[in-house]
Amino acid sequence: MLAGRAPPGAAGCGRLLAAALRPLLCGLSPCWAAGRQCRGLRVAEAAAAAAEEKAQVVKRRKRSGVPVRRYIACPRLARTVQQCLQRGAGPQPLLLEFAPGPGILTQTLLNAGIRVVALESDLAYLPNLQSLENSLDGKLKVIYGDFCRLDPLVSGTLKPPAVCSDKLFETIGVAAVPWRADVPLRIFGIMPQTLERNRLWRLLFGLYECNSIYKYGRVELNLFISEREYMVLKAKPGEMWAYQPLTVLAQIGCEIELLHMEPWSSFTTNLLSGSLAVPKSKWLPNDHLCLVRLTPQKNLFTGGLQPTNATTFIFMVKQCLAKPTSRLSDRLNSWSLDNGGELLKALEIPENAVMRDLYPEDYRRLFETLQNSSMFTETWFYDEVSESVRTINF
């Protein structure tokens, strides 16, 4: 007996004996019982650590501004999108699907007989897409790349997943065609929520300047965009919160067709928290994602508007609508046009017309008239053009 320790009583002995015999009665050793308790603790600690790590990843993603990506994971929605893409499209050229993710829509498109190129930047989804590619004997082509990092303004060799449009079109076998020819390529994708407006602006710059994908002709875009941005694209003159420079330029440059509206909840996201992360909108409705078809106008470059002066036209519209409630006559005076009244009369525009009341075609006619005016100078655009180019081409 150890010194300084009282012997256990009968009850204490019984408890000790029961604890020692319990594992033996179950066919297990006392050592296993001790290990089982420790292992249970280790499993619980590991689960807690995993949960904490997941929370930290979510926080890091939010801090680092990782774009929220949405995917089609519902077969019903995939069939709806496939039917929308085939509706009224005429001859079916090759379809480039960017950020296909799990490939639910990709498989649906292939089953419908559509030739698909999948442009995916997430390495987690590439193996499944490549496996599908290998099983289809050339009907699907998978490329590692990011459509939202197409033709970035960097010098030297591009580092994937950034993509050069020339290299991309060469790889998929699409050649340039005249502007008034048929659509050479259709593109489908879900626009990332982050910097959505900037990405739409970049596409418009490429359209008007015939750069990037539009060097190859009237490439058709089929994009899921937020309902808020769709309301801006389709706004009418006089609508206070929606009628913007983006409205005017999109309506002049493209035929805009709404193919489908779908609630945000129908899409899965890349957020580890599983949240929908729906962007808020104060003035415009934003309860859906809208599948919008943007087909460049065949007659875009007729008259005085050409790719060589399209940048000037873009910034004329931006400057006019910087103060949408100001009068056009005041803007003409700020440009030192002494014959502003005569110009408005020739364009059949009232002298008291304000910027947000002009139709998109009014802006185009104004620009073409100014181009032919001997008093017109473009020097007042240069500073604003330089600053805006740096902002748009992020």
Side-chain angles (χ1 to χ4, degrees), residues 67 69-151 158 160-177 181-192 212-213 216-224 259-260 262 266-270 289 291-295:
R69 289 182 54 180
R70 289 180 166 78
Y71 306 105
I72 294 177
C74 171
R76 175 199 60 79
L77 178 56
R79 288 192 297 271
T80 298
V81 171
Q82 169 251 312
Q83 292 166 1
C84 288
L85 293 176
Q86 290 186 300
R87 186 172 66 236
Q92 299 291 319
L94 184 68
L95 183 119
L96 173 67
E97 180 189 9
F98 67 85
I104 304 299
L105 176 62
T106 310
Q107 182 68 72
T108 304
L109 296 172
L110 291 167
N111 292 342
I114 300 175
R115 294 187 301 131
V116 180
V117 172
L119 187 66
E120 178 57 65
S121 61
D122 193 332
L123 294 174
Y125 291 114
L126 278 177
N128 286 339
L129 291 170
Q130 290 168 341
S131 176
L132 182 61
E133 176 186 23
N134 295 333
S135 67
L136 291 175
D137 192 26
K139 295 181 180 179
L140 168 68
K141 188 173 187 63
V142 178
I143 300 174
Y144 175 53
D146 188 349
F147 181 76
C148 293
R149 295 180 62 189
L150 192 66
D151 297 321
L158 291 183
V163 185
C164 171
S165 58
D166 290 339
K167 183 66 175 178
L168 175 63
F169 277 68
E170 178 185 351
T171 301
I172 64 180
V174 174
V177 298
D182 290 334
V183 170
L185 176 71
R186 293 187 301 154
I187 296 177
F188 168 82
I190 303 173
M191 291 293 282
S212 189
I213 60 176
Y216 293 83
R218 296 184 306 113
V219 173
E220 175 190 286
L221 297 177
N222 298 270
L223 304 175
F224 266 115
L259 301 179
H260 182 67
E262 188 73 23
S266 298
F267 302 84
T268 59
T269 72
N270 61 337
L289 278 177
L291 179 56
V292 180
R293 175 174 290 161
L294 302 173
T295 308

Quick one: does any side-chain atom of [X] pair with a main-chain N or O of [Y] as donor and acceptor, under 3.5 Å?
X: Asp146; Y: Ser121; answer: no
X: Arg218; Y: Ala181; answer: yes
X: Ser131; Y: Pro127; answer: no
X: Glu120; Y: Gly101; answer: yes
X: Arg186; Y: Leu85; answer: yes

Contact between [X] and [Y] at the side-chain level, heavy atoms closer than 4.5 Å - yes or no?
X: Ile213; Y: Leu185; value: no
X: Leu223; Y: Val292; value: no
X: Asp182; Y: Val177; value: no

Query raised in the report: Using the ring of each side chain (for Trp, its six-membered ring), is Phe169 parallel, tilted or perpendicular to Tyr216, with breaks at 30° and 60°?
Result: parallel
Report task. Using the six-membered ring wherever Trp is involved, compare the ring planes of Phe98 and Phe147 and label them parallel, tilted or perpendicular (cut-offs 30° and 60°). Result -> parallel
Report summary line: Which of Leu126, Val117, Leu129 passes side-chain contact (heavy atoms from CB on, under 4.5 Å) with Ile143? It is Val117
Distance from [X] atom [atom1] to [Y] atom [atom2], nearest 0.5 Å?
X: Arg87; Y: Gln82; atom1: CZ; atom2: CD; value: 11.0 Å
X: Leu259; Y: Thr80; atom1: CG; atom2: OG1; value: 12.0 Å
X: Glu220; Y: Ile187; atom1: CD; atom2: CD1; value: 9.5 Å
X: Arg149; Y: Asp151; atom1: CZ; atom2: CG; value: 12.0 Å
X: Leu109; Y: Glu97; atom1: CG; atom2: CD; value: 6.0 Å
X: Asn270; Y: Tyr71; atom1: CG; atom2: OH; value: 5.0 Å

Which atom pair, heavy atoms only, marks the closest approach of [X] to [Y]?
X: Leu140; Y: Leu136; answer: CB-CD1, 4.1 Å
X: Ile104; Y: Ala78; answer: CG2-CB, 4.1 Å
X: Ala112; Y: Gln86; answer: O-NE2, 3.7 Å
X: Thr268; Y: Ala73; answer: CG2-CB, 3.7 Å

Requested in this report: For the residue pair Gln107 and Asn111, confirm or rule out a side-chain donor-acceptor distance under 3.5 Å.
Outcome: yes
**Report entry** Heavy atoms from other residues, nucleotides or ligands near CG of Asn134 exceed 12 (cutoff 6.0 Å)
**Finding:** yes
Report task. Let me see the working for Glu262 and Leu291 under side chain to side chain contact (heavy atoms under 4.5 Å, CB included), right down to the final yes or no. Result -> CA-CA 8 Å; Glu262 188 73 23; Leu291 179 56; over 6 Å; no
Query raised in the report: Would Arg69 and Asp122 count as a side chain to side chain contact (heavy atoms under 4.5 Å, CB included) if you check the C-alpha gap in whole Å, the side-chain angles of each, and the deciding distance to 0.1 Å?
Result: CA-CA 10 Å; Arg69 289 182 54 180; Asp122 193 332; 3.5 Å; yes
Query raised in the report: Do Ile72 and Ile190 pass the side chain to side chain contact (heavy atoms under 4.5 Å, CB included) test, and can you show the C-alpha distance, the side-chain angles, and the key distance before you say yes or no?
Result: CA-CA 9 Å; Ile72 294 177; Ile190 303 173; 4.1 Å; yes
Query - Chi angles and distances behind the side chain to side chain contact (heavy atoms under 4.5 Å, CB included) call for Ser266, Arg76 - result: CA-CA 10 Å; Ser266 298; Arg76 175 199 60 79; 4.0 Å; yes
